[in-house]
2 protein chains.
Amino acid sequence: MNEISDQLHGKGRYATRTRERVAQVLHEERRYLTAHAIHELLVARGISISLSTVYRTLELLVGLGVAATRGEESGEISYVFCTVQHHHHAVCRMCGRVEEVGCGPLARFARDLRAGQGFELEDHAIELYGRCSRCTKH
Amino acid sequence: MNEISDQLHGKGRYATRTRERVAQVLHEERRYLTAHAIHELLVARGISISLSTVYRTLELLVGLGVAATRGEESGEISYVFCTVQHHHHAVCRMCGRVEEVGCGPLARFARDLRAGQGFELEDHAIELYGRCSRCTKH
DNA sequence: ATAGGTGCAAACGGTTTGCAAATAG
DNA sequence: CTATTTGCAAACCGTTTGCACCTAT
């Protein structure tokens, strides 16, 4: 979490308590949350913050690469905490926890796709749903 | 396309010219389009239709299972023509064409995921980006 | 003839923005 | 002290809805 404030200082932006708290929620929850949900979580903790600040902070975190977004079919946008490199999200259906997973096995898939229908794979977006190890031990 | 009007009749809904045209655009374009984009395409063809009718028709088509939606990161929702069973979309980056692909190779991925981090895969959403066979022969 | 569809304009809800007051550095 | 951030309220924009009129069956 401290690297975030370093990154901010490096760009001439301030590392405020408010921003720290938004990042904190994302870091702790590790699941997809809308700006509204994040705002509610903060308010529930007795923290006073405006919804617009939540939006502005999220935009900032996405810019720093420490949060990723996803468009929901409802038209809302949700955010997760994430580390930097290319990876995918395994979303637990029970607790909502998001784990990051690599995409190694996709090489084989790409080969089949090219052979099968001549489609040249360049990039991919994957969301996986299931039960994380904690929830599997019901 | 005619099955659509049969499905509608079966549910006591009317198969109108307007609905036919929205379905037609999706069927021809075979790429993700927002309601707004579909409306513009129709208007460009000299067809008079209101944006609300486009929305209502799309909702209907999704209900029939002949269209699928995707939430864009902008907060917009886009629609593609699609057939019924579970499958994924391979989106061509050049022409935007959407091809449907199966998900067989994922079984191996699921096994690795369980072995590696104890994540029990139950479902998945995948979007693939690249160049379709037509665009590969540049 | 009647159930269902359409267009219009207004409402809705998530997101963004302008601006004055507050705060980090 | 100055640049940046924050809250508020208003604006924005994609989507949905109520209602009077129109159309398919």
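Lettering of chains follows the sequences in order, A, B, ..., and the numbering in each one begins at 1.
Between the C1' atom of dA10(D) and the CG atom of Leu51(A) lies a distance of 14 Å, rounded to the nearest Å. Distance Glu72(B) CD to dG14(D) P: 13 Å, rounded to the nearest Å. Atom-to-atom, CG of Leu33(A) to P of dG14(C) comes out at 15 Å; the value is rounded to the nearest Å. Taking atom CZ on Arg21(B) and atom P on dT6(C), their separation rounds to 11 Å, with Å as the unit. The nearest whole Å value for the distance from the CG atom in Asp6(A) to the C1' atom in dG25(C) is 15 Å. Counting to the nearest Å, the C1' atom of dG5(C) and the CD atom of Glu59(B) are 13 Å from each other. Distance CG (Leu42(A)) to P (dG7(D)): 11 Å, rounded to an integer number of Å. A straight line from CD of Glu76(B) to C1' of dC12(D) spans 13 Å, rounded to a whole angstrom.
A side-chain N or O of Ser74(B) and one of Glu76(B) form a donor-acceptor pair less than 3.5 Å apart.
Residue Arg56(A) places a side-chain atom within donor-acceptor reach of the base of dG7(D), judged by atom type and a 3.5 Å distance cut-off alone.
Salt bridge status for Glu28(A) with Arg45(A): present, with a side-chain N to carboxylate O gap under 4.0 Å.
No side-chain heavy atom of Glu72(B) sits under 4.5 Å from any side-chain heavy atom of Ile77(B). You'll find the side chain of Val80(B) stays beyond 4.5 Å of the side chain of Arg30(B), heavy atoms only.
Nucleotides of DNA chain C nearest to Arg17(B) and Tyr79(A) differ in position, and the one nearer the 5' end is that of Arg17(B). Along DNA chain C, the nucleotide nearest to Tyr14(B) and the one nearest to Ser78(A) differ in position, and the one closer to the 5' end is contacted by Tyr14(B). Projected onto DNA chain D by closest heavy-atom contact, Val54(A) and Ala35(B) fall at different nucleotides, the more 5' of which corresponds to Val54(A). Nearest-nucleotide positions on DNA chain D for Ala15(B) and Arg13(A) put Arg13(A) closer to the 5' end.
Within 4.0 Å (heavy atoms only), Ser52(A) reaches at least one base atom of the nucleic acid. At a threshold of 4.0 angstrom between heavy atoms, the contacts of His9(A) are confined to the sugar-phosphate backbone, with no base atom among them. Residue-level contact check: Ser48(B) touches the backbone only, with heavy atoms under 4.0 Å from sugar-phosphate atoms and none from bases. At the heavy-atom level, Thr18(A) lies under 4.0 Å from the strands shown only through sugar-phosphate atoms.
Taking 4.0 angstrom as the limit, Ser50(A) places a side-chain polar atom (N or O) nearer than this to OP1 or OP2 of dG7(D). For the OP1/OP2 pair of dT6(C) and a distance below 4.0 Å, the side-chain nitrogens and oxygens of Thr16(B) include at least one atom meeting the criterion.
A chain of hydrophobic side-chain contacts below 4.5 Å, direct or via other Ile, Leu, Val, Met, Phe, Trp or Tyr residues, connects Val62(A) to Leu60(A).
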